[in-house]
Amino acid sequence: MGQSPEVLISEEKIKARVQELATQISTDYADKGELVLIGVLKGAFIFLADLSRRLAIPRHIEFLAVSSYEHGSVRSGAVRLVMDVRRSIEGKHVVIVEDIVDTGHTLHYLIDMLKSRNPASVRTCALLHKEHKTEVDVDVDYLGFSIGDEWVVGSGLDYDEKDRTLPYIGWINSAD
Ligand code: 5GP
């Protein structure tokens, strides 16, 4: 492989921000019973692992996976569930954990789908948000960092399955 991706957000900054998010979530959900954290595969697995280990409240981990319909390289915005959670979320407090919110279609679909299962509440947590690419408005209740339009890798995010386990958030400079 060629050069390593350029550093956009360092490992230290990610660690510090994840700790802040965990502290905030622990405060918000103290005394609310077990929190269900639902990670969206594959990209959220590292963020979810880091975040969940820093929570100071009882929590249960679930995963689901989605795929977006594509026509060539153009994403239509339609999202399909390809793997579901293993337990009922009825009556539970839920936080969806995403790697990155881009157009917002994925998170919008997931919020609607999970709300229809009668949980006590549904909130959202994302490591990254490309705010000016929003096509559907979704609230990210717990956000790591806002970034620009660049394609980013690392901390669970890949480029064609590469660079997923980089400890920092990097970006691919296509001019390289
Ligand atoms: P949305 O439905 O919000 O447009 O898309 C969210 C999904 O797009 C993310 O879960 C992720 O899989 C993918 N995605 C969007 N931008 C990036 C990026 O810069 N890097 C990577 N690796 N995935 C991205």
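One-based numbering, in listed order, for ligands and for the atoms of each.
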Q) Measuring from the heavy atoms of Asp158, does anything fall under 4.0 Å of ligand 1? A) yes
Give a yes/no verdict on whether any heavy atom in Gly43 is under 4.0 Å from an atom of ligand 1.
-> no
Say whether [X], considering both its backbone and side-chain N or O atoms, lies within less than 3.5 Å of an N or O atom on ligand 1.
X: Leu107; result: no
X: Tyr159; result: no
X: Val152; result: yes

Would you say that more than 12 heavy atoms from the other residues, nucleotides or ligands in this model lie under 6.0 Å from the [atom1] of [X], or not?
X: Phe145; atom1: CZ; result: yes
X: Lys115; atom1: NZ; result: no
X: Asp149; atom1: CG; result: yes

**Message:** If the threshold is 4.0 Å, N to carboxylate O, is there a salt bridge linking Glu20 and Arg17?
**Reply:** yes
Using a 4.0 Å cut-off to any heavy atom of [X], which atoms of ligand 1 qualify?
X: His105; value: 2 (O), 3 (O)
X: Lys130; value: 16 (N), 17 (C), 18 (C), 19 (O)
X: Glu150; value: 19 (O)
X: Thr106; value: 1 (P), 2 (O), 5 (O), 6 (C)

query = Think Lys42 forms a cation-pi with Phe45, using NZ or CZ under 6.0 Å from the six-ring centre and within 45 degrees of its axis?
reply = no
- [ ] Decide yes or no on side-chain contact (heavy atoms from CB on, under 4.5 Å) for Ile172 and Asp163, but give the supporting numbers first.
- [x] CA-CA 10 Å; Ile172 313 274; Asp163 295 323; 4.3 Å; yes
ask   = So, Ser121 versus His93: side-chain donor-acceptor pair below 3.5 Å or not?
value = yes
Contact region, Asp99 to ligand 1, non-hydrogen atoms below 4.0 Å, reads side chain
Logged contact type for Glu98 with ligand 1, heavy-atom cut-off 4.0 Å, is side chain
Shortest non-hydrogen pair, Leu128 vs Ile169, comes out as CD1-CD1, 4.0 Å
